[in-house]
Amino acid sequence: MNFQILDADYIGHESGPVIRLFGRAEDGKSVCCFVPGFEPYFFINAEGELDKLSTMLTEQFDVIKKVEIVPKFEPIGFQLSRKPMLRVTTMEPRNVPEIRDDVLTLPGVKEVYETDILFRNRFLIDKGLHGMGWVSVEPVSDSPYSSEKIYCDSVFTADSFEEIEKLSIAPLKYFSFDIECLPLEGSMPVPESSPVIMISMSFSPAFKGHDTIVVVAKKVEGTGDDVECFDSETLMLNRFFEIFQEYDADVISGYNINGFDIPYIADRVTILSGSGDNVRSTVGRDGRILSYRKIGNRTMVSIPGRVVVDALPLIRSQYSLKRYTLRNVAKELLDREKLDVAPSEMEEYWNDSGEKLLKFIDYARRDSELAMELFLKLQLLDKHIAIAQVSGSLLQEVVDGGQTSMVDNLLLREYGKQDRVIPPKPSDELVAMRNRSSEGLKGGEVLDPKRGLLENVVILDYKSLYPTIMMAHNLCYTTVVEQDRPDAETIKPPSGGEFVPAEVSKGIMPSILESLLQRRVETKKKMKNAASDSEYRVLDATQLALKILLNSFYGYSGYTRARLYSMALANAVTSFGRNNILNTRALINGTISKVILRDGSAYFTEELSSINADDTIVSLSVVYGDTDSVFVQCSSKKEVSLDDAGLVGTKIAAMVSDSLPDPMELEFESIAKRALFIAKKRYAIWVFEPSGDGWKEDIKVKGMETVRRDWCELTSKTLNTVLGLVLKDGDVDGAVSHVRSVVDGVRNIDVRKDSEIIEDLTMTRMFSKKAASYKNKQPHLTVAEKIERRTGSPPPVGERIPFVIVAGKGLFVNRAEDPEYVRENNIPIDVDYYIKKQLLPPVERILGVFGVDMANLDYDSRQMGLFDFSDKPQDSPVKRISKKEVEVQPPQQSEDKKSQSSLFDF
DNA sequence: GAGCCGGCCTAG
DNA sequence: TAAGCTAGGCCGGCTC
């Protein structure tokens with residue numbers, strides 16, 4: 001039988017630990033497969049006589065089952081030969097961490113390795129199995145290993161299995177839920193006093209014909225059969241858990257369930273049980289009851305056999321939004337309205353027995369529906385499933401953890417195959433030492449942009465720059481020269497240090513990267529002839545996962561909490577990268593310098609014996625670049641079409657790539673018909689990407705206020721319009737008058753008449769740490785304090801806090817206010833702030849390129865501002881940008897700004 | 001007014 | 001079982 005691995009753990013048994021694999025079979029049945037016979041172990045690196053140490057170990061620790069001497073390489077550094085180490089097998093998985101510290105005190109023992117690998121991961125790694133991977137097993141018997149009830153359709157034992165390749169995902173069952181609690185007098189509900197009054201559930205696929213069910217702790221008249229009513233909270237909760245287990249979902253989800261619903265229900269169950277109202281909160285496929293653990297600010301929930309996925313953190317990490325309330329997320333991402341009963345009205349709605357109560361129930365239903373929709377419509381989990389399959393980590397780990405566990409997993413697999421041991425996670429002391437002694441890691445090179453508006457800029461970038469650098473130069477923990485020297489020329493990165501070449505010893509990391517890269521190329525090829533939509537989706541997620549993994553290794557190597565940390569390695573990678581982009585620029589500006597277009601092909605000067613009259617000569621100049629990209633301006637006496645620029649781009653890419661070691665590759669990406677560079681990491685381009693036979697056009701904005709969440713919508717909208725007018729139409733005049741009209745509008749804002757405008761004036765910032773650790777006042781901190789004063793509780797750390805600046809005297813930070821409060825109380829906003837601080841500076845940075853200067857504008861004292869002046873278009877020197885006028889630099893600093901009578905100083 | 005710092009967010 | 005990395009712009013507030 002074939003099934004997909006959703007979860008794994010182990011149970012103790014008198015014959016030794018037994019692994020349990022949970023999954024979903026291709027026929028839709030849920031599976032629990034017991035696998036006996038796998039033993040826990042770790043390694044010891046010691047000096048002196050290993051035989052003696054081995055005997056001492058078996059005598060001293062009765063939990064040690066077996067000690068073998070095995071040849072192994074140490075974790076870091078090129079080594080000429082393996083060294084004998086001890087492989088210690090213990091009785092139980094937990095024995096490994098138990099005896100680790102004592103083992104370290106024994107004479108001769110230098111280090112212990114792989115002492116903190118979870119047993120289930122150890123199993124998956126050693127057996128070549130992967131999270132969400134498909135396995136084929138031959139059941140040998142029904143479950144002899146558990147007397148407990150297993151909540152799966154199919155329960156059996158197997159001792160042999162193999163992973164198989166399958167391009168489909170098993171028919172997974174999704175369950176999402178949302179609870180409603182009755183707040184007392186409108187304040188935040190707490191489990192000690194506020195009961196759970198309703199739980200809404202959504203199912204995909206449907207449960208007994210229902211897409212949703214709402215259970216209610218009260219008798220209600222006039223409901224449909226997808227509402228179940230109970231006399232008490234206890235009875236309702238029991239029914240909830242009954243449905244939960246009967247449905248037997250693979251993915252348990254909801255919105256902020258980890259932050260709220262799950263801990264709330266779990267606490268409530270404890271409280272009710274304490275007063276004699278027993279609730280059987282069985283949720284696990286092994287019968288485990290609902291529980292959670294607090295780690296720092298985070299709640300961790302684990303349900304054996306299933307995967308718990310909170311939509312909130314996933315949305316947070318995948319979408320850049322101003323706010324992450326379910327209301328806002330549903331609106332922005334699903335174009336759906338969340339229905340709400342205000343907390344202050346809940347009691348009234350709940351105590352009603354007619355319309356209001358039914359409405360309340362429908363509102364509750366909507367919340368679990370929305371959470372489900374987020375998963376299904378946004379395919380929230382696809383990427384994680386693919387990452388699990390590619391890295392081998394279990395889905396729950398991929399969802400909960402960062403990049404570290406994925407990289408660890410891949411490294412452990414490959415290190416094991418090549419007889420290398422891996423150290424445990426560094427202790428806090430070691431981390432502190434690494435942080436202290438850190439020589440520092442230098443990053444990528446950012447080229448100074450040629451500021452202003454440019455035409456015909458070809459954009460090229462390096463495909464997976466850091467991974468390809470590691471492959472090209474064999475950079476690895478295992479190739480850095482530390483103790484042993486190779487009998488060959490070494491590779492010397494610009495940052496210093498030495499690495500052995502691949503001919504001497506191929507690095508483990510380059511090997512891993514190579515196979516990831518190759519798989520990605522293959523996956524992309526398969527995408528082109530995918531058999532179905534769903535297959536295409538799986539493949540697309542896979543290639544994305546491979547890309548993410550490829551790019552995770554460099555960051556890991558410079559991460560002080562990584563098992564394998566090497567400044568020498570991380571610095572080698574970035575130093576090659578910095579040299580590379582500088583060399584690329586020099587090559588394009590110097591050696592290449594020109595491309596000649598003739599009869600639909602591109603040539604370098606030396607490829608042609610002579611220049612013909614109808615050739616198009618394109619001069620090249622690198623005008624910007626960041627880490628792995630170069631922007632090349634193409635100028636010519638003749639008109640350069642998109643296709644021409646494309647030819648130039650492809651030609652440059654090929655030439656540069658040829659000059660580089662495999663698999664480094666510069667790729668032609670797109671063409672900016674017009675590009676506006678404001679500063680490093682701040683630019684806007686009217687870009688054309690090759691698409692099929694033609695071109696796909698778009699305006700892309702990087703780093704500027706339109707894409708920043710700490711600027712208000714008014715600014716973003718205005719700036720977007722300005723950028724569109726300037727880039728697409730070349731209409732600076734139009735841009736100026738647009739800004740003028742916006743400023744006029746803002747001047748005349750009356751909050752009482754138009755409370756909608758508050759939306760556009762709202763800025764948001766993340767409340768990133770506890771209030772006490774802020775050294776300076778911050779606007780969002782002011783608002784957080786005001787909210788705490790008004791409601792009794794501050795917003796949680798990590799939340800984005802919206803605010804507007806209201807009129808008044810004193811510091812800006814003190815005039816930040818909750819937009820909701822402003823709306824309710826008709827508080828006037830600080831019009832001057834919005835014009836002078838929000839609108840004009842970003843606009844000026846853009847229009848300043850055309851000589852528009854608003855620095856000496858004083859709206860308070862002057863009747864006629866700069867914009868008023870431009871109200872007379874016939875006087876304005878600016879017309880549409882013609883080709884000649886395009887490349888305009890800002891006026892010299894030394895120019896007297898006050899004497900500038902014209903808006904537009906060309 | 002220049003220059004520094006804390007804070008935030010973004011590019012890659 | 002908390003956490004990939006650095007470069008860089010810009011704001012407000014403070015000091016000199």
Side-chain angles (χ1 to χ4, degrees), chain A residues 97 116-118 121 292-302 313 317 320 322 393-394 396-397 399-408 425 428 431 438 440-449 461-462 464-466 548-565 567 569-571 573-575 577-578 581 624-629 678-683 700-711 763-769 773-782 798 800-801 805 810-816 833 836-838 841-842 845:
Chain A
D116 57 352
I117 316 296
L118 287 184
N121 288 339
Y292 68 95
R293 289 186 307 148
K294 283 257 183 232
I295 295 170
N297 278 334
R298 238 171 55 160
T299 308
M300 301 289 284
V301 182
S302 138
S317 65
S320 172
K322 290 204 166 155
S393 303
L394 289 168
Q396 188 73 65
E397 250 172 85
V399 168
D400 290 341
Q403 298 177 21
T404 315
S405 73
M406 296 150 28
V407 175
D408 274 346
K425 294 206 168 124
D428 286 352
V431 170
S438 157
L441 174 52
K442 273 192 79 181
E445 179 76 31
V446 186
L447 305 179
D448 216 358
D461 57 22
Y462 280 91
S464 305
L465 180 70
Y466 287 173
I548 291 167
L549 284 172
L550 275 167
N551 289 322
S552 298
F553 280 81
Y554 150 72
Y556 179 94
S557 70
Y559 175 44
T560 44
R561 304 197 100 95
R563 292 170 189 276
L564 296 167
Y565 166 80
M567 262 305 105
L569 173 57
N571 265 318
V573 175
T574 57
S575 70
R578 288 190 300 276
I581 191 174
Y624 182 56
D626 186 345
T627 311
D628 61 356
S629 64
I678 301 298
K680 283 179 175 180
K681 298 189 187 285
R682 285 181 189 223
Y683 60 90
K700 281 195 177 148
V701 184
K702 298 290 183 184
M704 300 179 22
E705 290 76 5
T706 57
V707 298
R708 292 184 62 93
R709 291 175 285 185
D710 50 356
W711 287 77
M763 296 163 271
T764 66
R765 277 184 162 204
M766 193 162 76
F767 188 40
S768 61
K769 48 190 174 188
S773 37
Y774 277 95
K775 291 191 176 170
N776 297 331
K777 284 215 107 185
Q778 297 290 334
H780 53 307
L781 178 62
T782 308
R800 296 191 66 83
I801 300 189
I805 303 301
L811 290 178
F812 147 91
V813 282
N814 294 330
R815 288 185 287 113
Y833 167 82
K836 284 193 177 155
K837 301 292 185 180
Q838 275 286 311
R845 279 190 281 272

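Sequence lines set the chain letters: A, B, ... in the order given, protein chains first and strands last, and positions in each chain run from 1.
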**Request:** Could you list the residues that satisfy side chain to side chain donor-acceptor pair (under 3.5 Å) with A/R561, not counting sequence neighbours?
**Result:** A/D428
**Message:** When you measure from the side chain of A/R709 to the backbone of A/M766, do you find a donor-acceptor pair of N or O atoms at a distance under 3.5 Å?
**Reply:** no
**Complete:** Rounded to whole Å, the CG-P distance (A/L781 to C/dG12) equals 16 Å
**Message:** How many whole angstroms separate atom CD of A/E445 from atom P of C/dT6?
**Reply:** 16 Å
**Request:** Taking side chain to side chain donor-acceptor pair (under 3.5 Å) as the test, write out the residues that go with A/E705, two or more places apart.
**Result:** A/R845
**Item:** Residues that A/F553 engages under ring pair (Phe, Tyr, Trp, His ring centres under 6.0 Å), provided they are two or more places apart
**Value:** none
**Prompt:** Considering only heavy atoms from C-beta outward, does the side chain of A/V446 approach that of A/Y624 to under 4.5 Å?
**Reply:** yes
**Asked** Can you give one letter per nucleotide of nucleotides 6-12 of chain B, going 5' to 3': B for a protein heavy atom under 4.0 Å from the base, S for sugar-phosphate only, - for none?
**Response** SSBBSBS
**Fill in**
Across all chains, not counting sequence neighbours, the ring pair (Phe, Tyr, Trp, His ring centres under 6.0 Å) partners of A/F767 are none
**Request:** Check whether any side-chain heavy atom of A/H780 sits under 4.5 Å from a side-chain heavy atom of A/D710, and report yes or no.
**Result:** no
**Protein-nucleotide distance (A/Y556, atom OH; C/dA3, atom P), rounded to Å** = 13 Å
**Message:** Base, sugar-phosphate or nothing for A/L811? Non-hydrogen atoms, less than 4.0 Å.
**Reply:** sugar-phosphate
**Item:** Bending between helix ends of the helix from B/dG1-C/dC16 to B/dG12-C/dC5 [5 pairs per end, 10° resolution]
**Value:** 20°
**Message:** My understanding is that only residues two or more places apart in sequence, or in another chain, count here; which of them pass side chain to side chain donor-acceptor pair (under 3.5 Å) with A/D628?
**Reply:** none
**Asked** What does A/S552 touch in the nucleic acid at a heavy-atom separation under 4.0 angstrom: a base, only the sugar-phosphate, or nothing?
**Response** nothing
**Asked** Starting at OH of A/Y559 and ending at P of C/dT6, how long is that distance when rounded to a whole Å?
**Response** 12 Å
**Rounded interatomic separation in angstrom, taking CD1 from A/I805 and P from C/dG13** = 9 Å
**Request:** Could you tell me whether A/V407 contacts a base, only the sugar-phosphate backbone, or nothing, with contacts defined as non-hydrogen atoms closer than 4.0 Å?
**Result:** nothing
**Complete:** Residues at least two apart in sequence or cross-chain that pass side chain to side chain donor-acceptor pair (under 3.5 Å) with A/N121, listed by chain then number, are A/E397
**Request:** Could you state the atom-to-atom distance from CE of A/M300 to P of C/dA2 in whole Å?
**Result:** 7 Å
**Request:** Remember a base hit wins even if backbone is also touched, and classify A/K777 as base, sugar-phosphate or nothing at under 4.0 Å, heavy atoms.
**Result:** nothing
**Request:** Let me know the distance between CD of A/E397 and C1' of C/dA2, rounded to the nearest Å.
**Result:** 14 Å
**Whole-Å gap separating P (C/dG4) and CG (A/L465)** = 22 Å
**Message:** Regarding A/N297, tell me which of base, sugar-phosphate or nothing describes its non-hydrogen contacts under 4.0 Å with the strands shown.
**Reply:** nothing
**Message:** Applying a 4.0 Å non-hydrogen cut-off, can you work out what A/Y462 is touching in the nucleic acid: base, sugar-phosphate, or nothing?
**Reply:** nothing
**Prompt:** For DNA chain C, whose closest nucleotide is more 5', that of A/G444 or that of A/I295?
**Reply:** A/I295
**Asked** Can you list every salt bridge (Lys or Arg N to Asp or Glu O under 4.0 Å) pair that touches residues 551-560 of chain A, not counting sequence neighbours?
**Response** none
**Asked** So what does A/G443 touch, heavy atoms closer than 4.0 Å: a base, only the sugar-phosphate, or nothing?
**Response** sugar-phosphate
